[in-house]
Amino acid sequence: MDLDLALPDAARARRAELARALGESRALLFAGAAPPRNYAGAPYPFRASSHFLYFVGLPFERAVLSIEGDDHALYLEPPAPDDALWHGPAPSLDAIEAAVGCPVRPLAELAGAGAATLAAIDPATRARQEAALGRPVDPPSRGDEALADAVIALRLVHDEAAIAGLREAAEATVAAHLAGMAATRPGRREHHVRAAMEAAILERAMSTAYGSIVTVHGEVLHNHAHHHVLGAGDLLLADVGAESRGGWAGDVTRTWPVSGAFSPTQRAFYEVVLDAQARAIAAVRPGARYRDVHLAASHALAEGLVALGVLRGDPEELVADGVHALLFPHGVGHLLGLDVHDMEDLGDRAGYAPGRARSTQFGLSYLRLDRDLVPGMAVTIEPGLYQVDAILRDPHLARVAGDRLDRAALARFSDVRGIRIEDDVLVTDAGSEVLTAALPKAAADVEACVSA
Ligand code: GLY
Ligand code: MN
Ligand code: MN
């Protein structure tokens, strides 16, 4: 671990804020541990829980942060006798205390009775939590819920150190996409482009923030296959994001023509998605409700599809009835922070403001965020158009669409399977800042990057 990456002042300030919000209660935040592949010495890469990382700043495996009023301590497993042989010398206790800005105590001294915590997703860490606290953590106790709300309130609004981390991730993410465009040639495979993209991230000593999607089948939203050959007439959809050295996420999608030139039908759909993205980004500002940002994108997509003859009717009504969702079935974006879908381990408690709940309408039901935006929040804006057979043939959705979907007109766009354009947007006092604006997205600019 690189102790030089520590940000003790930011971590200390965050802990103090959390302690203020918690009053008398005590909170324990668990870092988690990497699961072994087949024996303890061959683990999967370790990624600390983002809640832990936020308040500590460094990823100490199996560690637990305790916060109780002014008493903050990091409980660490002391190095095993043979650690120096296999893992090298451990940093001194003084160096760790200076890096995290609080006392360090042996993990064996941790007493957890009466504390609140946030249930880990992985079963092994959850078992350790339950052993330390002496009670189940799922469902959460009232104290756990209060802790979740306090953590959400802090992590929703990024401080300066967080924004610097998001910028670092954005810079690497932009570089990755430029490398991917430059590496694209008909006849190569998806994994060649993925390798070029991830190399740009790895050479910055970073890793990816999520499993890279680099696919000529962009209609499969979470497509993690990378074996397809890039055909000259294909669009390649790349959803790839870097994770900064401090753990902050980038999350960007671009869609480009393998040949370096969009066909007229690909370009027509691309322009519709680009317009929807521009209108959604323009709607991002303090006080705006995120669902309205989603609806702005939906409206633009419906309008564009009507202009192309693919949908018939009034865009307002098409959106109200969810007809556009046959081609845009997901939400326009989500929170971004230490996690790519920030704090989704806490469910809709983070993404939905109190009193708001998910719609049950197809499409809108996948909207992961419905809060009023405030300066310091970071969100993605990622509209798309997809031709998914299973959705287009779904009898219920076909009934909803009726003759408002012109299938013959849609068939003319068969060389478009999936297009998404995604950027990372910071809400500012003045409106918003696109953190990933350095990456081209106008059709001609994208073509130029591929051909170069
Ligand atoms: N990369 C995952 C997403 O865009 O939501
Ligand atoms: Mn995203
Ligand atoms: Mn993405």
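Note that the coordinates shown come from a computational prediction; the quantities given were computed from them, not determined experimentally. Reckoned from all heavy atoms, side chains included, excluding hydrogens, waters and symmetry mates. Atoms within a ligand are numbered from 1 in the order they appear, just like the ligands themselves.
Atom CD of Q361 has more than 12 neighbouring heavy atoms from other residues, nucleotides or ligands inside a 6.0 Å radius.
A cation-pi arrangement is found for R14 relative to Y54, the charged atom lying closer than 6.0 Å to the ring centre and inside a 45° cone about the ring normal.
The shortest side-chain heavy-atom distance between I391 and D394 does not fall under the 4.5 Å cut-off.
With sequence neighbours excluded, no residue satisfies side chain to side chain donor-acceptor pair (under 3.5 Å) with Y352.
Between the side chains of H341 and D251, no donor N or O sits under 3.5 Å from an acceptor N or O.
Counting only residues at least two apart or in different chains, ring-ring contact (aromatic ring centres under 6.0 Å, His included) contacts with residues 181-217 comprise H217-H228.
The aromatic rings of H224 and H226 are tilted relative to each other, their planes meeting at an angle between 30° and 60°. Aromatic ring pairs are classed by plane angle as parallel below 30°, tilted from 30° to 60° and perpendicular above 60°; the pair H158 and W248 is perpendicular. Below 30°, between 30° and 60°, or above 60°: for F362 and Y366 the angle between ring planes is above 60°, a perpendicular geometry.
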Distances for all N or O pairs of ligand 1 and the protein under 3.5 Å?
unit_1	atom_1	unit_2	atom_2	d
ligand 1	1 (N)	D239	OD1	3.2
ligand 1	1 (N)	D239	OD2	3.1
ligand 1	1 (N)	D251	OD1	3.0
ligand 1	4 (O)	D239	OD2	3.3
ligand 1	4 (O)	D251	OD1	3.4
ligand 1	4 (O)	D251	OD2	3.2
ligand 1	4 (O)	E382	OE1	3.0
ligand 1	4 (O)	E382	OE2	3.4
ligand 1	4 (O)	E422	OE1	3.3
ligand 1	4 (O)	E422	OE2	3.2
ligand 1	5 (O)	H334	NE2	3.1
ligand 1	5 (O)	H341	NE2	2.6

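Here 4 is the count of protein N, O or S atoms positioned under 2.8 Å from the Mn ion (ligand 2), waters not counted.
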